Amino acid sequence: MTADVGEALESAWRQVTATSRFIGGKQVEEFEEAWARYCETTCAVGVANGTDAIELTLRALGIGSGDEVIVPTNTFIATAEAVVLAGATPRFVDVAPESLLVTPELIDSAIGPRTAAVVVVGLYGNMPAMDEIARLASAKGVALVEDAAQAHGSTWHGKKAGSFGVAGCFSFYPGKNLGAIGDAGAVVTDDQALADTIRSLGNHGRLAGASHIHALAGRNSRLDALQAAVLSAKLPRLDDWNQARRTAVASYRRRLSPDVRMLRTGDDAGSTYHQCVVRVPDRDRVQAALGRAGIESGVHYPIPCHQQEPYRKFAAGPLPVAEQAASDILSLPVFPHITERQVAYVSSRLNEIVTRPRRHVG
Ligand SMILES: *Cc1c(COP(=O)(O)O)cnc(C)c1O
């Protein structure tokens, strides 16, 4: 996809080198404005990566030691990691079997006296029931933060990922639907004061416009001008790229046999299919056989967060849906430039592998 915007990238590179302003500056401001507009929020703050986006949001909300933050166990580790980095305690919840996403009911049952926030993840580009979750969070006085690092442009009933809670956190890691050419991230919000605090925390606690007054004990988490210029060059293509992913997944849906179970993605038109996750029996055998047919697949994720060593101590008990899913999920190839022929090839090989009677030795 970077190749699609080669000329725009070269011009961005020339502009950035001409100004010698490599961090912050005009390119960053322009991208922040464009990203806020795209996400239908009023503010965006560029930061160094998606993990920082979540951590700095929690810190700016005053969440830390003694606070609990609800997170789904089926997510990339950074969701839970950011909670720990902020000094708070992750409270893991299970996911629904048909979507592998959190539900309002699962969140509700985990809310306790120390719950300060819930971080809801638009995992695989699929959105949980955001309107109900937002209503629940506000009724219970719990801050709703979105980890939208896999949901650039996803919608729930027409409303954009990142725009539901107090803040939406994005990563622009190169593999994401909108990817930089290095690490990058952003927070979007309608709360100007929150945006200002996040910006200050990520810029050594500086007061806006006062480079030697450090009003907060902050840190360094800023967006590079070059990354911002690359992201601005790619952003106009994002909707087309997401649409191409939807077309590919619709084709998988038509072609795959019922033995290959696809996830329910809720508001279908609203998913941006960062991953196309299916569930198959005997996953490791299936994945190896696909590999021999030249088909690369992934597993997102083979170990739920609450079973990773540093996070076990936060697990209150088994989370059976996520634990079961970890052994049967498989992420099929999906990217904007995948061809119909490639989808047909993957589908027919996968159908064969899954339905072929297994050979037993001995
Ligand atoms: C990629 C990702 C992150 C973290 O982003 P980085 O930019 O790698 O720090 C957080 N949450 C989810 C769900 C992600 O997929």
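Count residues from 1 along the sequence. As the structure is a prediction and not an experimental result, all values here were calculated from the model. Note that ligands are numbered from 1 as they come in the structure, with each ligand's atoms numbered from 1 the same way.
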request  = Check the surroundings of atom CZ in R341: do more than 12 heavy atoms from other residues, nucleotides or ligands lie under 6.0 Å from it?
outcome  = no
*asked:* Within the 4.5 Å heavy-atom criterion, are H152 and T272 side-chain neighbours or not?
replied: no
Keeping R349 on the side-chain end and N351 on the backbone end, is there a donor-acceptor pair under 3.5 Å? no
Item to check | Cation over ring face, K176 and F170, 6.0 Å, 45° | outcome: no
Those residues at least two apart in sequence (or on a different chain) that pass side-chain hydrogen bond (donor to acceptor under 3.5 Å, both in side chains) with D328 are R279, Q324
### Message
Quick check against the 3.5 Å criterion: does S99 have a side-chain atom that pairs as donor or acceptor with the backbone of T265?
### Response
no
Distances under 3.5 Å, N/O of ligand 1 against N/O of the protein: list each pair and its distance.
{"from": "ligand 1", "atom 1": "5 (O)", "to": "S171", "atom 2": "OG", "distance (Å)": "3.2"}
{"from": "ligand 1", "atom 1": "7 (O)", "to": "G50", "atom 2": "N", "distance (Å)": "2.8"}
{"from": "ligand 1", "atom 1": "7 (O)", "to": "S171", "atom 2": "OG", "distance (Å)": "2.6"}
{"from": "ligand 1", "atom 1": "9 (O)", "to": "G50", "atom 2": "N", "distance (Å)": "3.3"}
{"from": "ligand 1", "atom 1": "9 (O)", "to": "T51", "atom 2": "N", "distance (Å)": "2.9"}
{"from": "ligand 1", "atom 1": "9 (O)", "to": "T51", "atom 2": "OG1", "distance (Å)": "2.5"}
{"from": "ligand 1", "atom 1": "11 (N)", "to": "D147", "atom 2": "OD1", "distance (Å)": "3.3"}
{"from": "ligand 1", "atom 1": "11 (N)", "to": "D147", "atom 2": "OD2", "distance (Å)": "2.7"}
{"from": "ligand 1", "atom 1": "15 (O)", "to": "Q150", "atom 2": "NE2", "distance (Å)": "2.8"}
{"from": "ligand 1", "atom 1": "15 (O)", "to": "K176", "atom 2": "NZ", "distance (Å)": "2.7"}

